Amino acid sequence: MPQVDPPEFTELLGLDTGELEEYMVSLGEPNYRGRQIYKWIYTRDVSSFYDMSDIPKELRRRLDSLAVISIPRVLKQRVSIDRTRKYLLELQDKKRVETVLIPQSDSKNARYTLCISTQVGCPVGCSFCATGQSGFQRNLSHHEIVGQVLGSRRELLKKVKAVDNEPLITNLVYMGMGEPLLNYDEVLQSIKLINDHKGINIGQRHITISTAGEARGIERLAKEKLQVTLAISLHACDDALRNQLVPMNRKYPLERLMRAVEFYSRENGRRITFEYILLDGVNMRRQDANNMIDILKPLLANVNLIPYNEVVGLPFKHPARAKTEQFCRWLQDGGLNATIREEHGADIEAACGQLRAEVRSQALRNY
Ligand code: SAH
Ligand code: SF4
């Protein structure tokens with residue numbers, strides 16, 4: 001049998017309005033068709049041209065033979081007793097990433113913060129993190145990052161009713177699998193799409209990017225003058241301990257990192273969030289608190305203390321509540337704005353640092 005090359009389809013997911021207009025014009029169609037398709041993709045989460053009711057039938061057929069909109073499908077899902085949801089999404093090459101939807105407790109209506117991934121696995125290899133321990137496979141493209149928002153929202157809407165057309169997903173955190181600033185260009189492009197008020201429409205102030213300390217990336221991001229919140233995964237306030245916990249510290253030690261953070265803060269005047277995992281017996285001494293006060297006091301900083309979520313096979317332990325509260329008080333007494341982060345979804349392994357779709361894919365039958 002002669003080998004027949006598979007047809008090449010154009011990926012429309014990830015294109016902005018202008019690019020979709022151009023694409024439709026290249027097919028000999030008026031440019032407003034591009035705007036119609038944009039709406040279908042980014043406000044209705046539609047991936048089949050046949051569902052686009054304001055596009056002529058003949059054009060729908062033609063588009064179906066030429067292009068695809070690869071919104072990732074949800075393979076498995078788990079719901080926590082606290083209503084947190086974890087989705088396992090499948091990408092085009094069958095690789096898998098996870099997203100987490102965290103309900104906002106301060107709202108009467110259904111409102112969620114969505115946590116998305118930027119890489120399959122992570123090359124940073126933090127010693128306490130399930131994703132870091134599973135190795136690195138590849139970067140996600142911006143259409144795969146945006147696709148997580150659309151795929152998750154589409155699935156969520158099957159289960160939860162939106163009230164009066166209010167947005168279901170109001171906040172977005174780049175805190176899933178991967179180090180966002182090691183996939184800089186794709187992350188930036190995804191933010192632009194997620195931001196667009198004619199599309200997904202999640203405002204920059206409702207977006208947080210969390211980094212293990214990619215100082216060069218932080219400086220680049222500062223120059224973009226975005227209003228997104230920057231979160232730094234600090235976890236230790238001396239280089240010796242941080243080198244062990246967050247290997248990226250060897251490339252960008254604390255002093256170098258803090259220079260980048262100060263630059264970010266100066267450039268856009270926003271408060272910086274510092275995440276600090278509480279690891280029992282490792283980084284919770286009085287001296288650790290004092291070091292943190294010295295480092296962060298001069299900054300406009302919020303400190304988020306995250307009691308460690310234990311990971312099977314790793315030696316780190318979740319601290320007792322009393323120790324967590326004590327550590328938090330030391331920081332507050334030292335003048336820092338520190339709070340203890342509520343834990344969500346721990347019963348379904350959806351909490352921070354528990355995402356590792358790839359290595360666990362064999363064990364997913366219990367979803
Ligand atoms: N790579 C980025 C973003 C993803 S990790 C970063 O490191 O910032 C998101 C947050 O979860 C980080 O603060 C990370 O340190 C934290 N985290 C990782 N493993 C964890 C665990 N087992 N328990 C609690 N937090 C964890
Ligand atoms: Fe990567 Fe963040 Fe996990 Fe570190 S904590 S390994 S940077 S995902």
Side-chain angles (χ1 to χ4, degrees), residues 84 86 97-100 102 113-140 145 148 172-184 187 190 207-215 217-218 221 228-236 241-252 257 260-261 272-280 282-284 302-319 324 340-360:
T84 298
K86 178 163 81 161
V97 287
E98 289 181 315
T99 60
V100 179
I102 306 142
T113 295
L114 176 66
C115 174
I116 56 175
S117 299
T118 54
Q119 299 180 313
V120 184
C122 181
V124 179
C126 299
S127 51
F128 50 82
C129 171
T131 307
Q133 298 305 301
S134 68
F136 174 62
Q137 304 215 20
R138 68 171 177 84
N139 280 331
L140 296 181
I145 299 173
Q148 293 170 57
L172 199 73
V173 293
Y174 285 78
M175 288 190 189
M177 299 164 68
E179 166 50 47
L181 298 184
L182 287 179
N183 187 13
Y184 188 92
V187 165
S190 72
I207 297 177
T208 299
I209 296 196
S210 174
T211 174
E214 230 295 317
I218 294 170
L221 194 63
V228 298
T229 301
L230 180 66
I232 307 290
S233 294
L234 192 60
H235 310 330
L241 180 58
R242 198 162 190 273
N243 283 345
Q244 286 176 29
L245 298 176
V246 184
M248 185 176 267
N249 197 69
R250 295 185 202 130
K251 185 166 179 199
Y252 300 114
L257 170 61
V261 170
I272 312 272
T273 299
F274 288 86
E275 296 158 278
Y276 194 91
I277 298 187
L278 298 172
L279 301 162
D280 192 31
V282 175
N283 63 353
M284 300 177 66
N302 287 329
V303 179
N304 248 328
L305 299 172
I306 315 170
Y308 182 60
N309 298 303
E310 292 184 13
V311 175
V312 178
L314 298 183
F316 300 100
K317 294 275 170 266
H318 184 282
T324 297
I340 301 166
R341 187 189 286 176
E342 291 301 321
E343 294 167 69
H344 291 280
D347 58 322
I348 58 166
E349 295 172 323
C352 268
Q354 290 189 319
L355 307 183
R356 54 168 163 193
E358 285 297 314
V359 287
R360 288 179 47 80

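One-based numbering, in listed order, for ligands and for the atoms of each. All values below were derived from every heavy atom in this structure, side-chain atoms included, with hydrogens, water molecules and symmetry-related copies excluded. Everything quoted here is computed from the prediction, not taken from an experiment.
With A130, P307, S233 as candidates, the residue nearest to atom 12 (C) of ligand 1 on a non-hydrogen basis is S233.
Shown here are the protein N/O/S atoms lying under 2.8 Å from atom 4 (Fe) of ligand 2, water excluded: C126 SG.
In this structure, H235 counts as a contact residue of ligand 1, since one of its heavy atoms falls inside 4.0 Å of the ligand. The closest approach between C126 and ligand 1 stays at or above 4.0 Å for every heavy atom of the residue. Within the structure, ligand 1 has G178 among the residues with a heavy atom less than 4.0 angstrom away.
The contact set between ligand 1 and M175, taken as ligand atoms under 4.0 Å from a residue heavy atom, comprises 4 (C), 5 (S), 9 (C). Atoms of ligand 1 found under 4.0 Å from any heavy atom of T211, numbered from 1 in the order shown, are 6 (C), 8 (O). Atoms of ligand 1 found under 4.0 Å from any heavy atom of V311, numbered from 1 in the order shown, are 22 (N).
When non-hydrogen atoms are compared, ligand 1 lies under 4.0 Å from the side chain of I277 (C-beta onward) but not from its backbone. Contacts between F128 and ligand 1 below 4.0 angstrom, taking non-hydrogen atoms only, involve backbone and side chain alike. With a 4.0 Å cut-off on non-hydrogen atoms, E179 touches ligand 1 through its backbone as well as its side chain.
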| side-chain contact (heavy atoms from CB on, under 4.5 Å) between N304 and N302, intermediate numbers included | CA-CA 6 Å; N304 248 328; N302 287 329; over 6 Å; no
| query | Do Q133 and V311 pass the side-chain contact (heavy atoms from CB on, under 4.5 Å) test, and can you show the C-alpha distance, the side-chain angles, and the key distance before you say yes or no? | reply | CA-CA 10 Å; Q133 298 305 301; V311 175; over 6 Å; no
| request: Apply side-chain contact (heavy atoms from CB on, under 4.5 Å) to the pair F316 and I277, showing each step before the final yes or no. | output: CA-CA 11 Å; F316 300 100; I277 298 187; over 6 Å; no
| request: Show your reasoning for whether side-chain contact (heavy atoms from CB on, under 4.5 Å) applies to I218 and L257. | output: CA-CA 9 Å; I218 294 170; L257 170 61; 3.7 Å; yes
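Between the side chain of N183 and the backbone N or O of L140, at least one donor-acceptor pair lies under 3.5 Å.
G178 O, 4.5 Å is the protein heavy atom nearest to atom 2 (Fe) of ligand 2.
Residue E214 is tested with L182, I232, V124 for a side chain to side chain contact (heavy atoms under 4.5 Å, CB included); the sole match is L182. Screening I209, T208, L181 for a side chain to side chain contact (heavy atoms under 4.5 Å, CB included) involving Y174 leaves a single residue, I209.
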